[in-house]
Q: 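Sharing a structure with you now.
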Amino acid sequence: MRHKNSEADLDAAMQIAIGAAESARGFTSPNPAVGAVVLDSSGRIAGVGMTQPPGGPHAEVVALREAGDAARGGTALVTLEPCNHQGRTGPCSQALINAGVVAVYYAVGDPNQEAAGGAETLASAGIEVGAGLREQEVERGPLRAWLHRQRTGRPHVTWKYAATLDGRSAAADGTSRWITGPDARERVHADRAKLDAIVVGTGTVLADNPRLTARMADGSLAAHQPVRVVVGLTEIPVSAHILDDSAPTLLLRTRNVDEVLAALAEYTDVLLEGGPRLAGAFLSAGRIDRIQAYLAPLVLGAGTAAVAEAGVRTIDAALRFRHESVETIGTDLLLSLVPAGVGNLDSPQNP
């Protein structure tokens with residue numbers, strides 16, 4: 001007789017699967033970052049897996065390999081519905097059936113019609129199937145950008161900026177280092193290491209000469225580096241840090257937001273770190289899917305605003321956002337916001 005897992009056991013296992021998925025972000029694109037846990041017939045963790053880089057095994061297969069014979073009679077928990085198609089790897093639904101698991105619980109259904117149907121295949125094989133476990137956490141977490149791309153056909157764009165309490169991103173003399181504290185800067189680098197691309201304008205390159213790399217606490221480069229994308233018509237000097245060999249760089253000779261996103265069509269998770277004009281252009285075009293606002297407990301009274309020319313002329317036309325979360329990061333606040341009046345992922349400006 002197999003062990004009947006309690007709701008608390010399943011929930012705890014799914015939390016581990018979510019953590020595994022999060023650790024895979026940045027390495028799996030264009031595939032989703034998925035995590036999986038296999039419990040043996042006694043309810044103990046027998047295997048944990050995450051999606052490998054493209055061409056490698058999916059999370060379920062990694063977890064099943066780690067579990068080995070202990071998977072038979074056990075339970076699998078997966079952040080995304082097991083795939084049901086033959087791509088560069090075989091269908092995960094069949095791998096679960098072959099392993100002899102008796103129950104599968106997943107968080108989010110697969111919106112990709114080519115891969116969907118795993119739940120039905122599992123149920124037809126007599127396997128107990130449950131959906132929706134920690135669904136919202138997964139949708140807002142490791143699968144956010146991939147789900148957005150599946151539903152809209154475009155990369156998910158997060159605008160990240162740091163500002164003072166009076167909305168300044170730089171002082172009157174142009175200085176901006178450092179508005180936020182070391183804890184916030186460390187968080188930014190950790191997030192960069194999970195992205196596909198970072199976008200800035202030529203103005204930011206000329207003014208700040210950033211490297212836009214993801215670095216560890218000791219200053220070394222992270223294992224994954226996002227593509228650095230420079231947007232604009234102005235020439236940048238060959239000595240610019242962004243042209244060094246520490247990470248790939250893409251130069252886009254355009255100011256058109258949709259042309260930028262078309263050029264980034266192969267990417268999933270994109271961060272906008274540009275200056276106020278580029279941020280305003282993306283906002284005006286309705287192409288911001290999330291905002292990460294780092295607010296420092298400083299007041300400058302004058303200086304560069306965080307955003308300019310967002311296409312708003314009256315309060316009734318204001319672009320409205322709602323909080324998903326508010327965190328304290330050292331001495332600073334991090335506000336995560338999405339467009340107001342919509343579901344978890346997709347902007348009303350981006351039907």
Side-chain angles (χ1 to χ4, degrees), residues 22-31 33 50-56 142 145-146 155-162 169-170 174-255 260-261 263-279 282 290 292 294 329-330 332 334:
E22 187 65 31
S23 68
R25 280 185 55 212
F27 297 93
T28 67
S29 190
N31 296 331
M50 65 196 74
T51 307
Q52 298 301 294
W146 183 82
H156 180 277
V157 177
T158 296
W159 172 38
K160 188 276 293 181
Y161 73 93
S169 61
T175 56
S176 60
R177 297 186 179 183
W178 296 102
I179 285 178
T180 54
D183 293 321
R185 298 197 296 273
E186 184 175 334
R187 171 68 172 269
V188 167
H189 281 282
D191 286 344
R192 281 180 180 176
K194 301 175 181 179
L195 298 168
D196 294 326
I198 300 177
V199 181
V200 297
T202 53
T204 294
V205 173
L206 293 173
D208 299 337
N209 196 19
R211 297 184 185 276
L212 295 185
T213 50
R215 297 185 293 278
M216 308 297 287
D218 63 2
S220 62
L221 292 173
H224 170 74
Q225 293 295 323
V227 174
R228 302 173 294 189
V229 182
V230 183
V231 174
L233 304 178
T234 306
E235 294 289 342
I236 59 175
V238 295
S239 59
H241 291 323
I242 206 166
L243 297 179
D244 65 23
D245 59 2
S246 57
T249 299
L250 176 64
L251 303 178
L252 297 179
R253 303 282 290 178
T254 181
R255 292 175 178 164
V260 172
L261 292 179
L264 302 181
E266 66 182 281
Y267 302 117
T268 299
D269 203 350
V270 172
L271 185 70
L272 180 67
E273 280 204 17
R277 286 186 299 173
L278 189 61
F282 270 77
R290 178 175 58 164
Q292 287 183 320
Y294 287 85
I329 312 271
D332 307 305
L334 170 57

Q: State whether the side chain of Arg228 and the backbone N or O of Ile242 hold a donor-acceptor pair below 3.5 Å, judged by distance alone.
A: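 It does hold such a pair.
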Q: For the residue pair Arg253 and Leu233, what are the closest heavy atoms and their distance?
A: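 Where Arg253 meets Leu233 most closely, the heavy atoms are NH1-O, 2.9 Å.
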Q: Just how far is it from atom CD1 of Ile236 to atom CG of Leu251, taken to the nearest 0.5 Å?
A: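 The CD1 atom of Ile236 sits 5.0 Å away from the CG atom of Leu251.
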Q: When you measure from the side chain of Asp208 to the backbone N and O of Pro210, does any donor-acceptor pair fall under 3.5 Å?
A: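 Such a contact is absent between Asp208 side chain and Pro210 backbone.
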Q: So, for Ala193 and Ala214, which heavy atoms are closest and what is the spacing to 0.1 Å?
A: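 Minimum heavy-atom contact is N-CB, 3.6 Å.
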Q: Determine the sole option in Gln225, Glu186, His189 for which the side chain to side chain donor-acceptor pair (under 3.5 Å) test with Arg215 is passed.
A: His189
Q: For the pair Arg185 (side chain) and Thr180 (backbone), establish whether a donor and an acceptor sit closer than 3.5 Å, ignoring hydrogens and angles.
A: yes
Q: Of Thr268, Asp269, Asn31, which meets side-chain contact (heavy atoms from CB on, under 4.5 Å) against Trp146?
A: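 One option only clears the test, and that one is Thr268.
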Q: For the pair Val230 and Thr202, evaluate side-chain contact (heavy atoms from CB on, under 4.5 Å) and give the outcome as yes or no after the intermediate values.
A: CA-CA 6 Å; Val230 183; Thr202 53; 3.7 Å; yes
Q: Is the closest basic N to carboxylate O distance between Arg187 and Asp183 below 4.0 Å?
A: no
Q: Any chance you could measure Asp191, atom CG, to Thr158, atom OG1, to the nearest 0.5 Å?
A: 9.0 Å
Q: How close do Ser169 and Ile179 get, counting heavy atoms only, and between which atoms?
A: O-CD1, 3.0 Å
Q: Would you compute the distance between atom OG1 of Thr249 and atom CD1 of Ile198 and round it to the nearest 0.5 angstrom?
A: 10.5 Å
Q: Is the closest side-chain heavy-atom distance between Leu221 and Ser246 below 4.5 Å?
A: yes
